[in-house]
Amino acid sequence: MTVGIVGAGQLGRMMALAGYPLGLEFLFLDKDAGTPAAQLAPQLTGAFTDPALLDELARRCEVVTLDWENVPVDALARIASATRVAPPLPALAAAQDRLAEKTLFTQLRIPTNAHAAVDSRADLDRAVAAIGLPGVLKTRRLGYDGKGQAVLRTGADVEAAWGQLGTQPLLYEAFVPFDYEVSLIGVRSLTGEIATYPLNRNLHRDGILRLTRAPWHAPVVEQAARRHMRRVLAHFDYAGVLTIEFFVRRGKLIANEMAPRVHNSGHWTIEGAVTSQFENHLRAILGLPLGLTQAVGHSAMLNLIGEMPDRAALLADKSLFLHDYGKTARPGRKLGHVTLTESTARRRDQRAAALLKRIDSRKI
Ligand code: AMP
């Protein structure tokens with residue numbers, strides 16, 4: 001049984017690594033050669049919108065899923081009659097547009113921050129007047145890892161932000177002085193079976209995820225996040241893994257965004273949960289029973305960004321798991337991650353803080 005994956009980055013690579021023990025095969029589609037996933041599975045190379053390549057993917061695969069959520073929905077709609085595409089395209093369309101995403105949260109009574117669409121300079125002035133400062137101006141489409149965003153702190157920042165981003169549809173939203181950030185990873189199978197992972201606490205730096213700790217013990221917040229997750233999964237009759245990112249302020253959740261796919265904040269599940277998010281995504285889109293999502297111990301996952309630390313120095317820590325995505329180093333690029341698992345949350349937090357410091361100061 002072959003699973004088609006559009007996008008052949010590290011998420012696709014880790015899906016393949018999780019799927020081989022289940023006897024699955026994989027076929028990727030990506031615009032670049034030499035991708036992280038192409039190092040272990042066959043790949044069709046060309047544009048994500050190339051009709052011939054998409055048709056071939058549909059012909060050769062039981063189901064087609066995604067490693068990258070910004071694949072044009074129209075291109076996938078073309079193959080949806082020839083094969084099954086999961087997650088559902090309406091979920092993908094909502095996640096590709098920050099305005100549609102916020103509208104969905106509001107419709108499903110999931111609290112989110114004040115926001116307004118900005119299509120002109122006059123719209124921006126109106127949005128800033130209505131929502132106030134500070135705020136964040138974001139591109140509605142194709143933003144990731146903090147790209148395509150500008151924080152507006154004073155009136156003087158408005159012009160510069162407009163100059164930087166003003167050529168495309170935008171969203172202006174209230175800046176949230178959050179206490180911390182969390183994400184929840186949920187999974188729904190074709191059969192309707194639902195499971196959620198323990199809550200993740202996430203630390204971002206320059207818009208990029210640096211550290212995830214899970215399970216994060218915040219029972220009230222976690223319960224609310226689970227309720228919100230179930231609403232989104234049910235709304236779309238969803239199949240696969242879905243991630244929702246939230247800000248936490250004074251014990252309350254404010255939804256930031258969702259990703260219709262396996263997520264960086266769920267990488268710890270490879271070693272830190274009974275069944276990884278990657279395996280459960282595959283089980284879900286194939287209509288197989290889901291595996292247990294319980295944590296095994298207390299995990300911390302640190303991203304390796306920009307340059308790879310010394311492999312031997314990392315592995316000298318005998319209870320650390322290294323994942324190298326096989327990418328060429330480039331500033332700001334996610335090249336790999338490490339996960340450590342401990343018997344208590346306190347010990348995990350101490351080790352994670354020490355390791356983050358060593359990696360940041362290039363002592364490793
Ligand atoms: P995003 O691409 O929207 O997930 O933004 C990346 C990161 O920027 C978030 O995880 C936050 O750390 C920060 N950020 C984004 N939007 C806001 C906001 N409205 N208020 C405060 N911080 C934000």
Side-chain angles (χ1 to χ4, degrees), residues 68-73 92-183 201-211 228 232 243-260 263-265 303 305-306 330-334:
W68 189 59
E69 75 268 33
N70 287 312
V71 178
V73 171
L92 210 62
Q96 287 181 357
D97 179 345
R98 289 188 189 270
L99 179 63
E101 198 170 62
K102 295 269 183 208
T103 306
L104 173 80
F105 290 148
T106 307
Q107 183 192 344
L108 297 180
R109 291 173 290 109
I110 298 170
T112 190
N113 46 344
H115 56 274
V118 171
D119 293 311
S120 65
R121 180 59 216 265
D123 281 352
L124 179 56
D125 289 336
R126 269 193 294 274
V128 171
I131 293 167
L133 291 163
V136 189
L137 188 64
K138 299 181 174 181
T139 57
R140 275 173 59 179
R141 291 181 173 276
L142 293 172
Y144 70 101
D145 285 349
K147 293 184 176 65
Q149 303 191 9
V151 178
L152 280 64
R153 298 197 182 275
T154 70
D157 295 333
V158 175
E159 189 56 44
W162 179 253
Q164 182 193 332
L165 300 170
T167 52
Q168 57 220 301
L170 301 169
L171 185 86
Y172 182 72
E173 62 178 51
F175 184 88
V176 180
F178 56 80
D179 299 321
Y180 60 98
E181 294 184 83
V182 297
S183 60
R201 175 164 173 168
N202 301 324
L203 174 73
H204 292 86
R205 210 178 287 156
D206 303 325
I208 306 179
L209 183 68
R210 277 310 303 226
L211 168 69
H228 301 329
V232 180
T243 307
I244 310 181
E245 293 183 78
F246 301 92
F247 303 119
V248 183
R249 178 159 161 75
R250 300 193 173 123
K252 295 255 185 308
L253 288 173
I254 299 159
N256 175 26
E257 62 177 356
M258 65 179 199
H263 195 256
N264 195 171
S265 64
N303 272 335
I305 298 166
R330 203 188 298 147
R333 199 173 198 204
K334 291 176 182 168

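Any value given below was found using the heavy atoms of this structure, including those in side chains, with hydrogens, waters and symmetry copies removed. Keep in mind that what you see is a predicted model, and the values were worked out from it rather than measured.
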Considering non-hydrogen atoms only, spot the tightest contact between [X] and [Y] and give its length.
| X | Y | result |
| --- | --- | --- |
| Ala161 | Leu152 | CB-CD1, 3.5 Å |
| Thr139 | Leu170 | CA-CD2, 3.7 Å |
| Ala259 | His263 | CB-CD2, 3.9 Å |
| Glu181 | Phe247 | OE1-CE2, 3.5 Å |
| Arg140 | Asp119 | NH1-OD1, 4.3 Å |
| Asp157 | Arg153 | OD2-N, 2.7 Å |

Distance, nearest 0.5 Å, that separates [atom1] of [X] from [atom2] of [Y]:
| X | Y | atom1 | atom2 | answer |
| --- | --- | --- | --- | --- |
| Asn70 | Asp97 | CG | CG | 10.5 Å |
| Ser120 | Arg126 | OG | CZ | 6.0 Å |
| Arg205 | Ile305 | CZ | CD1 | 8.5 Å |
| His204 | Leu209 | NE2 | CG | 4.5 Å |
| Lys102 | Thr112 | NZ | OG1 | 3.0 Å |

Taking the six-membered ring for Trp, are His228 and Phe246 parallel (under 30°), tilted (30 to 60°) or perpendicular (over 60°)?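 Answer is tilted, since the angle falls between 30° and 60°.
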
Given Asn202 and Leu211, is the side chain to side chain contact (heavy atoms under 4.5 Å, CB included) satisfied, shown in steps? CA-CA 6 Å; Asn202 301 324; Leu211 168 69; over 6 Å; no

Check the pair Val182, Leu253 against side chain to side chain contact (heavy atoms under 4.5 Å, CB included), reporting the backbone distance first and the verdict last. CA-CA 9 Å; Val182 297; Leu253 288 173; 3.9 Å; yes

side-chain hydrogen bond (donor to acceptor under 3.5 Å, both in side chains) contacts touching residues 158-178 (sequence neighbours left out):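 Every side-chain hydrogen bond (donor to acceptor under 3.5 Å, both in side chains) pair that includes a residue of residues 158-178, provided the two are not neighbours, is Asn113-Glu173, Arg121-Glu159, Lys138-Glu173.
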
Any donor-acceptor N/O pair, Glu69 side chain to Gln96 backbone, under 3.5 Å: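 Side chain of Glu69 to backbone of Gln96, a donor-acceptor pair under 3.5 Å: no, none is there.
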
Would you say the side chain of Arg249 lies within less than 4.5 Å of the side chain of Pro177, judging by non-hydrogen atoms? yes

Begin from the C-alpha positions of Leu104 and Glu101 and carry the test side chain to side chain contact (heavy atoms under 4.5 Å, CB included) through to its verdict. CA-CA 5 Å; Leu104 173 80; Glu101 198 170 62; 5.7 Å; no

